[in-house]
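Proteins come first, then strands; the chains are lettered A, B, ... in the order of their sequence lines, and each starts at number 1. Nothing here was measured: the structure is a model prediction, and the numbers come from that model.
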Amino acid sequence: MAKPFYLTTTLPYVNDKPHIGHALEFVQADTLARYKRLMGTDVFFNTGTDEHGQKILEAAQKSGQDVRTYVDHYAGEFQKLGAALDLSYDRFIRTTEPGHYAAAQEIWRRCEQAGDIYKKTYKGLYCVGDEMFLRESDLVNGKCPNHPNMTPIELEEENYFFRLSNYQAKLVEYLSRPGSIVPEWRREEALKFVEEGLEDFSISRVASRLHWGVPVPGDDSQVMYVWFDALTNYISTLGWPDGDDFKKFWEGGDVVQVAGKDQVRFQSIMWQAMLISAQVKNSDTVFYHGFITSGGQKMSKSLGNVISPNELVAKYGTDATRYLLLRHVHPFEDSDMTWDKLDEWYTAGLVNGLGNLVARIMQLAQTYLAEGVRPEPAGFAPEYTSTLENFEFAKAADYVWEAIHHLDQKITETEPFKLVKTDEAAGKKLITELTQELYAIGRMLHPLMPATNEAIKKAVVENKKPENLFPRLNV
RNA sequence: CGCGGGGUGGAGCAGUAGUAGCUCGUCAGGCUCAUAACCUGAAGGUCGCGGGUGCAAUUCCCGCCCCCGCAACCA
């Protein structure tokens with residue numbers, strides 16, 4: 001029996017609508033989860049929403065909503081996106097759940113017990129407009145960038161700090177293991193960063209200024225800084241400290257996190273130090289994906305180049321959106337996306353490629369075979385599985401599309417549509433073979449495009465050519 | 001300053017010490033089962049620049065130029 005597999009995305013912060021980066025991360029994680037299940041592994045796939053902190057309070061106030069109403073709304077938006085992308089998560093955790101509060105407070109206690117939490121006075125420049133501390137480097141002409149007519153004031157505040165500086169040696173050890181971070185070069189980057197020295201970081205805020213957070217155990221005057229509580233979700237979702245799922249999937253399983261490339265310090269350094277402090281096993285691997293740009297630039301409303309996940313699903317459909325994100329986005333590095341390119345990729349790969357192949361084979365099968373083909377059970381080629389084991393989603397798709405191309409070639413070369421007229425038995429045998437190969441392609445597609453796999457399987461078993469899987473775009 | 005990634009045919013990418021490959025686009029041919037799809041072939045690159053080591057470098061080494069990230073509590 002294979003080792004259980006725990007997988008989690010980062011939790012999107014709900015201060016705005018879901019964007020394409022969220023969709024990318026979700027789809028990548030979902031593909032891994034489905035792949036592992038396909039291999040017979042017991043999987044726990046976690047995602048959810050991060051709902052505390054200053055920014056959220058501000059965003060709620062700005063929209064004139066009660067903060068609860070506000071976070072409920074956005075949690076709903078992310079759940080809708082999950083459905084639109086056909087995600088197979090086992091748990092959608094919200095950091096405002098009571099169970100999560102309990103876990104966050106418990107890890108706090110354990111870190112405190114380990115001697116890693118202490119109180120310190122923090123002095124800094126505070127912008128009343130933003131209600132937050134600014135760094136020197138944030139200032140524009142000595143003023144807050146968001147409030148140029150307000151002079152930041154010197155403010156002193158007492159906060160709790162976490163002794164990250166205690167964990168340099170242990171983090172170096174952790175990060176020295178290849179595989180602790182994927183891709184490898186990001187691991188080396190993180191290692192170098194840790195070797196240069198670590199500073200303690202503040203993990204609480206004064207409750208009178210910011211009440212929207214998890215109360216610090218034993219000190220009602222402070223709430224946890226949102227990072228500290230949010231990171232805990234990865235284990236609170238499993239019922240830590242006592243839950244059976246925690247024992248099975250975290251302690252007894254492979255623990256894999258998926259995150260954006262801006263997350264290295266949080267996921268692979270802060271969070272891992274917290275785990276060590278609380279004496280919980282570290283994550284085995286954190287996989288970091290790149291960002292998606294549009295027309296060579298960061299997507300932004302002012303540039304008008306935003307491509308939203310909901311627009312993608314509306315235009316191309318669920319599986320096609322998954323295809324576009326998996327095959328045409330580099331798993332580790334930034335990738336560019338424009339509507340022109342998306343249309344091109346969609347038409348070439350799905351309309352002309354996969355969709356057309358299904359149509360041509362199923363037309364033959366439906367016409368010449370008496371009944372559905374019973375698929376033969378088969379394994380998966382290592383060339384295919386190794387790509388997914390290594391988070392190389394685009395290569396996995398490339399492998400499948402090579403198989404699609406070979407099948408197209410085979411049809412052209414063997415001419416079943418002629419053969420069946422000159423030698424019916426041989427023709428039918430050939431068509432049966434082609435249908436089985438189509439079925440095998442569908443199976444490999446499962447982690448990437450689950451509904452498409454189902455559609456192909458159904459067509460083969462029922463011996464019925466399906467409606468166009470991928471309709472041509474109206475140009 | 002530092003650290004990291006990258007510069008390959010029109011575009012996007014892969015790759016390797018010894019005929020440079022893929023997708024899209026272009027052109028020609030083939031096929032007719034299929035969603036004007038599919039198959040084959042062709043045109044198109046001195047693999048950023050300059051040195052070095054090799055019988056041989058796009059691939060290794062040195063120097064330079066250009067582009068893009070990171071430089072921590074922004075969740």
Trainee: Establish, from distance only, whether the side-chain atoms of T387(A) and E383(A) form a donor-acceptor pair under 3.5 Å.
Mentor: no
Trainee: What residues, two or more places apart in sequence or in another chain, satisfy side-chain hydrogen bond (donor to acceptor under 3.5 Å, both in side chains) together with N356(A)?
Mentor: none
Trainee: Rounding to an integer number of angstrom, what distance separates rC47(B) and rU59(B) when you compare their C1' atoms?
Mentor: 9 Å
Trainee: Should the pair F287(A) and F391(A) be assigned to parallel (<30°), tilted (30 to 60°) or perpendicular (>60°) ring geometry?
Mentor: parallel
Trainee: Heavy atoms under 4.0 Å is the rule here; annotate nucleotides 29-38 of chain B 5' to 3' with B where the base is hit, S where only the sugar-phosphate is, and - elsewhere.
Mentor: --SSBBB-SS
Trainee: Using a 4.0 Å heavy-atom cut-off, does Q263(A) contact any base of the nucleic acid, only the sugar-phosphate backbone, or nothing at all?
Mentor: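 Contact class for Q263(A): base.
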Trainee: Can you name the side-chain hydrogen bond (donor to acceptor under 3.5 Å, both in side chains) partners of T412(A), sequence neighbours left out?
Mentor: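 Result, side-chain hydrogen bond (donor to acceptor under 3.5 Å, both in side chains) vs T412(A): none returned.
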Trainee: Classify the side-chain pair H406(A)/Q409(A) by whether it contains a donor and acceptor separated by less than 3.5 Å.
Mentor: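 A donor-acceptor contact under 3.5 Å links the two side chains.
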Trainee: Check every strand shown and say whether W227(A) touches a base, only sugar-phosphate, or nothing at a heavy-atom separation below 4.0 Å.
Mentor: base
Trainee: So which nucleotide from rG4(B), rC73(B), rG15(B) ends up closest to the side chain of E189(A)?
Mentor: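 Per side-chain heavy atoms of E189(A), the pick is rG4(B).
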Trainee: NA contact type, H330(A), heavy-atom cut-off 4.0 Å: base, sugar-phosphate, or nothing?
Mentor: sugar-phosphate
Trainee: Should the ring pair W108(A) and F228(A) be called parallel, tilted or perpendicular, given that the plane angle runs from 0 to 90° and is split at 30 and 60?
Mentor: perpendicular
